[in-house]
Amino acid sequence: MPPKAHGKGSACFFAGMMETDVCIVGAGPVGLFAVFELGLLRLKAHVMDTLPVVGGQLAEIYPRKPIYDIPGYPSILAGDLVDRLMEQIAPFHPSFGLGQKVRGLEAVEGGRWLVSSENGDQVLAGAVVIAGGLGCFEPRKPDLVGLEALEGRGVTYMIRDPQAFRGRKVVLAGGGDSALDWTLQLVDVAEELTLVHRSSAFRGAPESAARVQALADSGRLRLLTSTSLLSLQANGEGWLEAVLVQTQGQETLSLVADDLIPLYGLTPQLGPIADWGLALDASAIQVNTETYQTSVPGIFAIGDINTYPGKLKLILSGFHEAALMAHGAYRYIHGGAKPSFKYTTVTGVKGL
Amino acid sequence: MQVVHLTVTDVSGTTQDLVFPTGMGLSLMEALKGAGYPIEAVCGGMALCATCRVDWVEGAVSDPTEAELDMLDTLPDFHPSSRLGCQIRLESLADGKATIRLNPSKT
């Protein structure tokens with residue numbers, strides 16, 4: 001029995017627990033087009049994305065850049081392509097869970113799947129399609145021995161509440177805007193603040209850099225430029241105690257520290273999907289090229305996040321993969337029954 | 001056919017001399033990936049992941065763009081000879097040759 005599509009015509013932006021035919025993880029161009037291909041086969045989709053908006057890389061990284069290899073469009077702005085895709089899938093009334101980082105995937109009875117997000121939302125789906133693109137952007141970590149053992153024990157990559165650092169000895173590392181901004185935020189909060197930057201100059205906002213320099217000159221913080229992180233020292237209870245740094249002159253300094261906050265930007269990672277038990281190749285998900293199913297039946301992967309012999313990371317390829325995936329997902333959900341294939345030119349597009 | 005000659009040392013320290021055609025708009029990252037080096041190039045050439053980073057040993061090359069410098073500058077272990085392979089066109093190697101060392105950023 002196929003799962004029953006839930007809430008036809010229901011509110012577009014859904015939070016809580018829901019049921020759908022197919023849960024698509026990733027609202028980039030390929031995830032969006034998958035809604036269309038699934039819709040043609042009368043499968044309803046729910047689309048989740050970490051970002052608060054649809055479009056993925058196109059919206060977040062290069063909305064104003066033209067794309068030249070979309071068939072039929074000699075040139076189209078990335079943001080415009082997203083708008084067109086939204087228009088194209090509108091008849092199928094997908095629901096969206098945006099600003100939600102997908103965390104867990106659990107097999108439930110009847111071959112169905114329960115997808116959960118970090119904020120506790122749950123989606124019960126007949127099949128899952130991972131259209132995760134680059135994955136999610138996670139903090140870039142410095143290459144230091146014992147770093148991971150000290151995460152949450154003095155080493156942190158995110159500052160949620162500056163007040164948590166009140167009265168503490170804090171070492172910030174990095175030279176970008178976020179390192180400068182947090183330095184300015186924490187200077188009045190921390191008992192002792194050090195900013196360690198590998199280069200001699202800052203590429204971040206010049207006015208922030210100037211303010212940091214002025215605070216350093218007046219002795220409000222310690223600024224160590226041309227200095228890199230060397231190693232970490234933990235106390236007997238396994239908490240961070242000191243950060244050892246090396247200056248350009250090869251001098252080693254030991255900085256007593258309650259907290260080390262490395263701010264080296266973000267880097268694309270598979271994130272929690274890496275723990276879903278899918279066969280991976282480097283940081284991409286292996287699929288077969290008949291249905292774009294992963295090593296786990298019922299879980300599909302399309303677009304930049306998958307890999308197979310001859311893979312090209314093109315939006316164009318992702319669209320093709322979406323079409324074949326939809327037929328594969330239909331067969332999975334309908335216990336092997338093949339969908340009938342129809343041209344939209346013949347039948348038109350019937351909404352859901 | 002115009003070509004460039006590259007002397008490439010991989011992370012294990014093995015050095016190879018390679019020849020690549022120019023005129024196809026290939027980036028250094030694409031050329032090295034095509035030659036079988038296990039470069040992840042997660043971001044596909046948008047100067048976002050630094051998995052294609054190389055250390056430039058020798059050879060005239062175009063200056064890094066602001067986007068490339070911004071990326072390199074965020075890396076915890078950047079040094080002045082670092083470049084992103086995806087941001088270097090083979091055509092930009094003015095002498096038609098270069099010596100590089102692969103130094104992918106850990107993701």
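Lettering follows sequence order; numbering is per chain, from 1.
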Give me the atom names and distance for the closest heavy-atom approach of A242(A) to L240(A).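 In this case the closest contact between A242(A) and L240(A) is O-CD1, 3.7 Å.
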
Atom of L102(B), atom of P104(B) and distance for their closest heavy-atom approach: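 Answer, listing the atom of L102(B) first, then P104(B): C-CD, 3.6 Å.
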
N-O pairing of K97(B) and E58(B) below 4.0 Å: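 No, no charged N to carboxylate O under 4.0 Å.
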
When rounded to the nearest 0.5 angstrom, what distance separates OG in S228(A) from NE2 in H197(A)?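 Spacing of OG (S228(A)) from NE2 (H197(A)) equals 11.5 Å.
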
Which region of [X], side chain (C-beta onward) or backbone (N, CA, C, O), has a non-hydrogen atom less than 4.5 Å from a non-hydrogen atom of chain B, or is it both or neither?
X	answer
L229(A)	neither
L263(A)	neither
E138(A)	neither
R198(A)	side chain
F202(A)	neither

Residues I302(A), I130(A); criterion side chain to side chain contact (heavy atoms under 4.5 Å, CB included); working and verdict: CA-CA 6 Å; I302(A) 55 176; I130(A) 303 166; over 6 Å; no

